[in-house]
2 protein chains.
Amino acid sequence: MEFFSEKAVTAADKTFFQLRKEIVEGEIPSGSKLSETELSTKYSVSRAVIREAINRLESCHLVERKANVGARVVALTPEGLVELYQIREALEGMAARQAAKNMSDEEIADLTRLLTAHFQEVKTGDSYYQEAGDVDFHYRIILGSKNKHLIGMLTDGIYHLVRMYRVQLGMAGPRVTTAFDEHQHIVKAIANRDEELAELLMRRHIMYSKNNIEHKLVNKL
Amino acid sequence: MEFFSEKAVTAADKTFFQLRKEIVEGEIPSGSKLSETELSTKYSVSRAVIREAINRLESCHLVERKANVGARVVALTPEGLVELYQIREALEGMAARQAAKNMSDEEIADLTRLLTAHFQEVKTGDSYYQEAGDVDFHYRIILGSKNKHLIGMLTDGIYHLVRMYRVQLGMAGPRVTTAFDEHQHIVKAIANRDEELAELLMRRHIMYSKNNIEHKLVNKL
DNA sequence: TATGAATAAAGTGTCGACAATATAGCCGCT
DNA sequence: AGCGGCTATATTGTCGACACTTTATTCATA
């Protein structure tokens with residue numbers, strides 16, 4: 001899943017990536033407390049490193065911190081999920097709009113190829129790669145926006161929280177073929193340089209995805 | 001300007017607020033380097049406090065950091081401004097949509113009162129309070145969305161960067177009466193619970209504002 | 001003179017210890 | 001027995017020192 005070119009140069013980086021991974025995958029359960037001393041012994045680093053890692057996790061909205069009290073992993077709630085998807089709808093919609101304007105022809109061709117390759121895998125029915133492919137698709141469009149702030153907010157900011165909801169609610173699942181069709185329509189709109197339609201389709205795509213997840217989630221949280 | 005209820009409980013808080021203020025207002029010039037040792041002597045706190053403050057400034061996109069090299073205040077560029085306003089358009093548009101859905105009748109009445117009071121000040125021609133009134137208006141709608149993630153991203157995240165552009169480019173200025181009309185239309189849409197229109201009008205409002213600033217900015221950056 | 005390696009200087013990254021604050025448990029009081 | 005205040009403990013916040021990396025300087029060599 002590391003198609004983000006994130007290389008850990010410092011110890012705080014490594015610890016941050018490790019903690020983020022464990023939180024997203026639920027190894028550190030949501031709602032649990034993050035004790036600085038405990039973590040520093042567990043990872044064999046100083047508390048300063050842990051503190052920096054926790055600060056970064058807070059920036060990703062993966063933990064919440066109170067002064068003089070400590071940090072807790074965020075709780076997963078239906079309201080939080082809805083709020084998150086509203087933000088995705090706004091930001092990724094804008095990303096699709098800008099991608100329709102700013103992606104190069106080669107990049108669009110690449111994206112089309114990705115989609116057909118993806119279609120081959122869909123036929124084999126392997127749902128995990130469906131998940132990865134979906135993330136990859138959205139990631140490319142985000143990059144295609146060429147908006148550095150937008151890219152940062154989505155990839156560094158909220159995408160790991162999205163993954164956290166998906167992983168912990170077990171969201172590898174259906175909606176495969178329908179989502180695939182939606183992806184195709186979006187790419188066509190981008191290829192036609194139709195900014196308005198690209199944004200609209202992306203927003204609908206994310207809204208459908210939200211509704212789908214919401215249904216599943218009723219009896220899980 | 002402190003209508004955000006941000007109280008500094010810890011030393012790192014105070015340093016962060018102080019540094020943020022100085023960066024936004026240009027006292028620490030954009031593009032300049034932030035030396036940890038230098039700042040720690042200047043503010044009479046330890047480097048650990050400075051480091052935490054700088055980390056938070058990085059989360060706000062006010063400084064950029066490179067491992068083993070240091071942190072610099074972000075450079076103000078025309079491209080950066082455009083990117084920032086694209087994000088505002090997406091997020092505040094969504095905020096207006098959600099505000100039309102979630103604000104209470106009392107809150108809407110309050111907002112209307114704010115607008116008429118604001119109109120009185122516009123007639124006196126004091127442009128500074130126009131600026132404050134504009135920020136206040138947007139802030140209330142953001143809060144009205146009732147989306148915690150959205151509120152956090154806008155108020156903690158990008159709003160200080162928006163202010164930095166405005167302050168350092170000297171953006172107290174015209175567009176007063178037209179902006180006021182736009183505000184009125186937005187409130188009407190919210191009062192009518194017309195989510196679609198509220199979002200559309202807010203997006204247009206921000207787009208106009210962007211175009212206005214872009215024109216002024218040509219010969220400044 | 002220009003280039004490159006070796007070295008010195010400065011700055012960031014990391015650490016362990018101390019100080020300040022919040023939480024938990026105990027004791028006395030009503 | 002229940003409640004409020006106090007003490008003890010544990011955790012976070014802050015500090016100064018050391019280790020490592022980057023950058024600037026110096027010096028030798030082609």
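All of these numbers come straight from a predicted model, not from anything done at the bench. Labels below follow one simple rule: chain letters A, B, ... track the order of the sequence lines, proteins then strands, and each chain is numbered from 1.
For the pair B:R88 and B:Y85, the distance from NZ or CZ to the six-membered ring centre is under 6.0 Å and the angle to the ring normal is within 45 degrees.
Counting any heavy atom pair closer than 4.0 Å across all strands shown, A:I54 reaches no nucleic acid atom. At the heavy-atom level, A:L34 lies under 4.0 Å from the strands shown only through sugar-phosphate atoms.
Put simply, CD on B:E195 and CD on B:E199 are 9.0 Å apart, with the number rounded to the nearest 0.5 Å. We find the CZ-CD1 distance between A:R51 and A:I54 to be 8.0 Å, quoted to the nearest 0.5 Å. The CE atom of A:M153 sits 8.0 Å away from atom CD1 of A:I158, with the distance rounded to the nearest 0.5 Å. The CZ atom of A:R56 sits 13.0 Å away from the CG atom of A:L62 when rounded to the nearest 0.5 Å.
Sorted by residue number, the members of residues 10-17 of chain B with any non-hydrogen atom under 4.0 Å from DNA chain D read B:T10, B:A11, B:A12. Of the residues in residues 37-45 of chain A, A:T37 come within less than 4.0 Å of DNA chain D through at least one heavy atom, sorted by number.
Taking every nucleotide of DNA chain C with any atom under 4.0 Å from a non-hydrogen atom of chain A, the first and last of them, 5' to 3', are C:dG13 to C:dT23.
Aromatic ring orientation, A:F137 versus A:H183: parallel (interplanar angle below 30°, classes split at 30° and 60°). Below 30°, between 30° and 60°, or above 60°: for A:H138 and A:Y159 the angle between ring planes is between 30° and 60°, a tilted geometry.
Atom NZ of B:K148 sits in a sparse spot, with 12 or fewer heavy atoms from other residues, nucleotides or ligands closer than 6.0 Å. For B:E38, the CD atom sits in a loose shell: 12 or fewer heavy atoms of surrounding residues, nucleotides or ligands are nearer than 6.0 Å.
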For nucleotides 18-25 of chain D, tabulate all protein N/O to nucleotide N/O atom pairs closer than 3.5 Å, reporting atom names and distance.
none

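A search for side chain to side chain contact (heavy atoms under 4.5 Å, CB included) contacts involving B:A90 returns A:A90, A:L91, A:M94, not counting sequence neighbours. Residues forming a salt bridge (Lys or Arg N to Asp or Glu O under 4.0 Å) with A:E25 (at least two apart in sequence, or on another chain): A:K21.
For the 3.5 Å distance criterion, the side chains of B:Q86 and A:N147 qualify, holding a donor opposite an acceptor.
Each of B:S35 and A:A48 was matched to the nucleotide of DNA chain C holding its nearest heavy atom; the match closer to the 5' end belongs to B:S35.
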Could you check B:R203 against B:E89 for salt bridge (charged side-chain N to carboxylate O under 4.0 Å, His left out), going step by step and ending with a plain yes or no? CA-CA 5 Å; B:R203 288 183 65 152; B:E89 188 183 322; 3.2 Å; yes

